[in-house]
2 protein chains.
Amino acid sequence: MPAVHKILLDEALQDSPQTRSLLSVFEEDAGTLTDYTNQLLQSMQRVYGAQSEMALATEQLSTQLLEYQTQNFALGQGDVEVIGILQDFSKTVVELNALHSELATMLANGMVFPMVTFREKDLTEISTLKDIFSIASDEHEASMVKYSRLPKKRENDKLKAEVVAEVAYTRRKQHQASMQYYCSLNALQHRQRAAMLEPLLGYSQAQVNFFKKGADLVSKKMDSFLSRASSTTQSIQARLEWETEEMRATQRELLSVEDTVYTPDLDRDPPTARSYRGPATSTSAIKRA
Amino acid sequence: MPAVHKILLDEALQDSPQTRSLLSVFEEDAGTLTDYTNQLLQSMQRVYGAQSEMALATEQLSTQLLEYQTQNFALGQGDVEVIGILQDFSKTVVELNALHSELATMLANGMVFPMVTFREKDLTEISTLKDIFSIASDEHEASMVKYSRLPKKRENDKLKAEVVAEVAYTRRKQHQASMQYYCSLNALQHRQRAAMLEPLLGYSQAQVNFFKKGADLVSKKMDSFLSRASSTTQSIQARLEWETEEMRATQRELLSVEDTVYTPDLDRDPPTARSYRGPATSTSAIKRA
């Protein structure tokens, strides 16, 4: 705990130049703190924003995965294997999404909210009290002007009494206002320290909770998914390579024919060209040969 | 593994209407798959985008925290306690940020990239081969038209020979093109299944890695930070309450004075009003009284 500086309330009434200059030091610090608070709050809101976007994006992904089964693939219909994996995976993404949303909420409540409160409540209070103080000072000054213009002579007691009362009244008012202002500037020295730490506590608690639940989730769900999905992928790859090789062979074979296969039969009426049916007629001709 | 449908390459030469209608079924599925792939890719890119924004936001936060010590607080200078906590915390946020960046990279390489490749390579190949096939069909049709217009008579053998050769050439070309097109449509049946699973594997591996390292980090770093920072915060709060109470008491006491304290001394020259110095003069008057 560092030596915390203070403006002594006892100085409020005398309101000396020394007190005023100490006051200006406190005011400058409050200004610096306000600027820094705004920048820090901005960074925190950016983190929160990224997190809630992540929650939305994850949600969209899980929905998108489920829509695979609703695509009207005429051929892939029966693919229960891939569809099943996608469904399971989508479920896991939904659970992951729940964690992301929870993290976003915890960041909002534990990190952004305290920072906003500090700015809206404590820092605003300071500037309000500053205004009240300067108004009170002006009023007191005005009454002092009246007082200084009072005629020396012993007449006009009623008027004098009034002015004197006004001076007393405004002076008390200024005294109160300055003390309240001093109090909140002194308190700010402590509030500032707490205000810097509180959001970090919120941030940390949110992260700890997120990572612990997340590690638990992935070790339970995704590890098994990984082994299952990767084995399926491998078998698909193997099947693909085998099929590809087979098709390549068939293709080679089918293409290694004589040109006669492609040659129209000159002894017959020339086949009438009917778009793609052309080759068909010619092959039937070949068959008959 | 569902029964995977095929277009038989042997049908390519005959190119019958039955083959054509089966072909159109494969083509429709390829179209559906392309649309779905684009939507899924969009969701995946959104997840990636959110994650890299999170990495940037976390980085900004860690920098912002370090800047607290560079603020020229005239009063809070010696606050090594809070500054120390902020520095430690910033270090942890930097490590957290490294995990976020790593996750973003893994999502880009393991999830987005395979999906993009599938779209750019496999799906594009299909549409290219489709074009080549239809061009070859047109060329063959054109040559068949020439052939059908050949004069019956035995004259002009040279011309006939040329046309016949052209028919044979274009027919072989169409045969090759259609078989290649069939092959890639057949292969797509397998590639589609793999293409749906591969990005999910990448996503899962990235998440597993992220959460395991993250849980490790927070349990090592943040748990200790939490206890330290929260105890500091509590002591600050306690100190603040104590100070506040004390100031309130002083304030009450200082305000419970007679109005005389605020009343200018009528027997003296009226103090000249000089802005805030006003009260100062009057109090000095009181002191002498």
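In what follows, chains carry the letters A, B, and so on, assigned in the order in which the sequence lines appear, proteins first and then strands, with residues in each chain numbered from 1. Small disclaimer: the values here were computed from a predicted structure and weren't measured.
- Both the backbone and the side chain of A/Q251 come within contact range of chain B, each with at least one heavy atom under 4.5 Å from a heavy atom of that chain.
- Of the two parts of B/L217, neither the backbone nor the side chain holds a non-hydrogen atom closer than 4.5 Å to a non-hydrogen atom of chain A.
- Side-chain polar atoms of B/Q60 and A/S43 form a donor-acceptor pair below 3.5 angstrom.
- For the set B/D216, B/D35, B/L56, the count of heavy-atom pairs under 4.5 angstrom toward chain A peaks at B/L56.
- Between A/L13 and B/V257 there is no side-chain heavy-atom pair separated by less than 4.5 Å.
- Ranked by non-hydrogen atom pairs under 4.5 Å with chain B, the options A/L200, A/T233, A/T92 are led by A/L200.
- For the set A/L33, A/T244, A/T232, the count of heavy-atom pairs under 4.5 angstrom toward chain B peaks at A/L33.
- Both the backbone and the side chain of B/Q207 come within contact range of chain A, each with at least one heavy atom under 4.5 Å from a heavy atom of that chain.
- If you take CG on A/L254 and CE on B/M179, they are separated by 5.0 Å, rounding to the nearest 0.5 Å.
- Heavy-atom distances place no part of B/Q234 under 4.5 Å from chain A, backbone and side chain included.
- Counting heavy-atom pairs closer than 4.5 Å to chain A, the top residue among B/A57, B/A142, B/A165, B/A215 is B/A57.
- The heavy-atom pair separating B/S219 from A/K212 by the smallest distance is CB-CE, 4.4 Å.
- In terms of heavy-atom pairs under 4.5 Å with chain B, the best-connected choice from A/R172, A/E253, A/K146, A/E53 is A/R172.
- Using a 4.5 Å cut-off between heavy atoms, A/Q205 contacts chain B through both its backbone and its side chain.
- Between the CD atom of B/Q64 and the CG atom of A/L41 there is a distance of 10.5 Å, given to the nearest 0.5 Å.
- Ranked by non-hydrogen atom pairs under 4.5 Å with chain A, the options B/Q176, B/E198, B/Q42 are led by B/Q176.
- Applying the ring-ring contact (aromatic ring centres under 6.0 Å, His included) test to A/F26 and every residue at least two apart in sequence or in another chain returns nothing.
- Across all non-hydrogen atoms, the minimal contact from A/L226 to B/S204 is CD2-CB, 3.7 Å.
- Heavy atoms of A/I85 lying under 4.5 Å from chain B belong exclusively to its side chain.
- For the atom pair CZ of A/R193 and CG of B/L240, the computed distance is 11.0 Å after rounding to the nearest 0.5 Å.
- Across all non-hydrogen atoms, the minimal contact from A/Y36 to B/E67 is CE1-C, 3.9 Å.
- Within a 6.0 Å radius of CD in B/Q39, more than 12 heavy atoms belonging to other residues, nucleotides or ligands are found.
- Pairing each heavy atom of A/A194 with each of B/Q237, the nearest pair is CB-NE2, 3.9 Å.
- Most heavy-atom pairs under 4.5 Å with chain B: of the set A/T58, A/L86, A/L96, this distinction falls to A/L96.
- Proximity to chain A (any heavy atom under 4.5 Å) is shown, for B/V163, by neither the backbone nor the side chain.
- When side chains are defined from C-beta on, B/T250 does not count as touching A/L8, because their heavy atoms never get closer than 4.5 Å.
- For A/Q45, no part lies near chain B; criterion is any non-hydrogen pair under 4.5 Å.
- For the pair B/H190 and A/E243, the minimum side-chain heavy-atom distance is below 4.5 Å.
- With contacts defined as side-chain heavy-atom distances shorter than 4.5 Å, the pair B/N186/A/M247 qualifies.
- To the nearest 0.5 Å, the span separating CG on B/L201 from OG on A/S230 amounts to 6.0 Å.
- Per-residue heavy-atom pair counts under 4.5 Å with chain A were compared for B/R248, B/Q180, B/K213, and the maximum is reached by B/Q180.
- Neither the backbone nor the side chain of B/E28 comes within contact range of chain A, judged by heavy atoms closer than 4.5 Å.
- Looking at heavy atoms from C-beta onward, A/I236 lies in side-chain contact with B/L197 at the 4.5 angstrom threshold.
- The shortest distance between side-chain heavy atoms of B/D29 and A/N72 does not fall below 4.5 Å.
- Contact tally against chain A (heavy-atom pairs below 4.5 Å) for B/S52, B/A229, B/S178: the top residue is B/A229.
- Partners of A/F89 according to the ring-ring contact (aromatic ring centres under 6.0 Å, His included) rule, which considers only residues two or more places apart in sequence or in another chain, are A/F225, B/Y203.
- We find the CD-CZ distance between A/E59 and B/R46 to be 9.0 Å, quoted to the nearest 0.5 Å.
- The shortest non-hydrogen separation linking B/M54 to A/V47 is CE-O, 3.7 Å.
- Proximity of the aromatic rings of B/F210 and A/F211 is defined here by a centroid distance below 6.0 angstrom, and this criterion is met.
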task = Could you walk me through whether A/Y68 and B/Q192 pass side chain to side chain donor-acceptor pair (under 3.5 Å), step by step?
result = CA-CA 11 Å; A/Y68 182 79; B/Q192 167 174 1; 2.9 Å; yes
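- For the set A/S143, A/G214, A/S184, the entry with the most heavy-atom pairs within less than 4.5 Å of chain B is A/G214.
- Between the CZ atom in A/R171 and the OG1 atom in B/T263 there is a gap of 8.0 Å [rounded to 0.5 Å].
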